Amino acid sequence: LAKTTQPISMDSYEGQEVNITCSHNNIATNDYITWYQQFPSQGPRFIIQGYKTKVTNEVASLFIPADRKSSTLSLPRVSLSDTAVYYCLVGDRADYKLSFGAGTTVTVRA
Amino acid sequence: EAQVTQNPRYLITVTGKKLTVTCSQNMNHEYMSWYRQDPGLGLRQIYYSMNVEVTDKGDVPEGYKVSRKEKRNFPLILESPSPNQTSLYFCASSFRQGSSYEQYFGPGTRLTVT
C-alpha cells in the first residue's frame, strides 16, 4: 500500500472552492487514488476515484498530474454541509487490506 | 434500499463478557470488512473477507474474531472484551472485482468496555 500524506485540517467559507492535496510519492503502476468523505458519527462515503488526469462527478473533481505522485480533490462552492473529514487512499483496486490515515478535517464557516 | 446494517448501534459492556456485533449487507457483495476508529488514528482495518468462508487479518486483529458463513453476514466477535477495545466500529462491503476501494459503510457501532 502506498503511503499517503495529506493536511490535517483546512478551513474555508461557504461558496469557496476547497482543494485538498494528497502526496503519494511511492504510488505503484496498478494503484488507483480514491477519496472518501466522513461526517461525524457516520461511516465514510465513497466520493471519487481516478487513475490519471482528471475525473469529475456531481460531488467533486480529482486532478492527478502525469507523474501521479500527488493528487488534488477539489470541492466546488462548498457549503456548511461539506464540513467533514476527507480521506485519500492509494492502492491496487484488487487489494483487500485498505488503509485509511487520519484524513483532512475540512471546516466550512458561514 | 441498498445498505449495510449493524447491530447494536450502541453497546456498553464489562471486561470479559463475550459479545457479537452483527453486520449484514443486501447488495450481494463478495467483500466485507471491519474497521475500528479511534480519535487521531483514522480507521484501522480489523479483519476482511473476500467471500464465504474466506477471511484474513487486517492491521489490528488481536482480540477479535470473525466468521463468514453466509455472503450477506459478517459478524465481529469479541471473546473477552477489554477497555482498550472501546471504540467506534464500522462494517463495510463492496464488490470484489476491481472495486474493493468503492466500499459501502454501515452506520457504526459505538462500543464501551468498562
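Just so it is clear, the structure is predicted and the values come from calculations on it, not from any experiment. Each chain gets a letter, A, B and so on, in the order its sequence line appears, and its residues count up from 1.
- Most heavy-atom pairs under 4.5 Å with chain B, from the set A/Gly43, A/Ala102, A/Pro44, A/Gly101: that is A/Pro44.
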Q. Is there a side-chain contact (heavy atoms from CB on, under 4.5 Å) between B/Leu19 and B/Val21 once you walk through the steps?
A. CA-CA 7 Å; B/Leu19 67 91; B/Val21 183; 3.8 Å; yes
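- Side-chain atoms of B/Ser33 come within 3.5 Å of backbone atoms of B/Tyr47 as a donor-acceptor pair (strictly under, hydrogens ignored).
- Interface remark: A/Tyr87 contributes side-chain atoms only to the contact with chain B (heavy atom separation under 4.5 Å).
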Q: Under the side-chain contact (heavy atoms from CB on, under 4.5 Å) rule, what do A/Tyr51 and A/Ile64 come out as? Steps first, then yes or no, please.
A: CA-CA 7 Å; A/Tyr51 184 80; A/Ile64 306 168; 5.6 Å; no
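- Side-chain heavy atoms closer than 4.5 Å link hydrophobic residues (I, L, V, M, F, W, Y) into clusters, and following such links, even through other members, never connects B/Tyr104 to B/Trp34.
- With a 4.5 Å cut-off on non-hydrogen atoms, B/Arg44 does not touch chain A at all.
- Contact annotation for B/Gln37: only side-chain heavy atoms (C-beta onward) come within less than 4.5 Å of a heavy atom of chain A.
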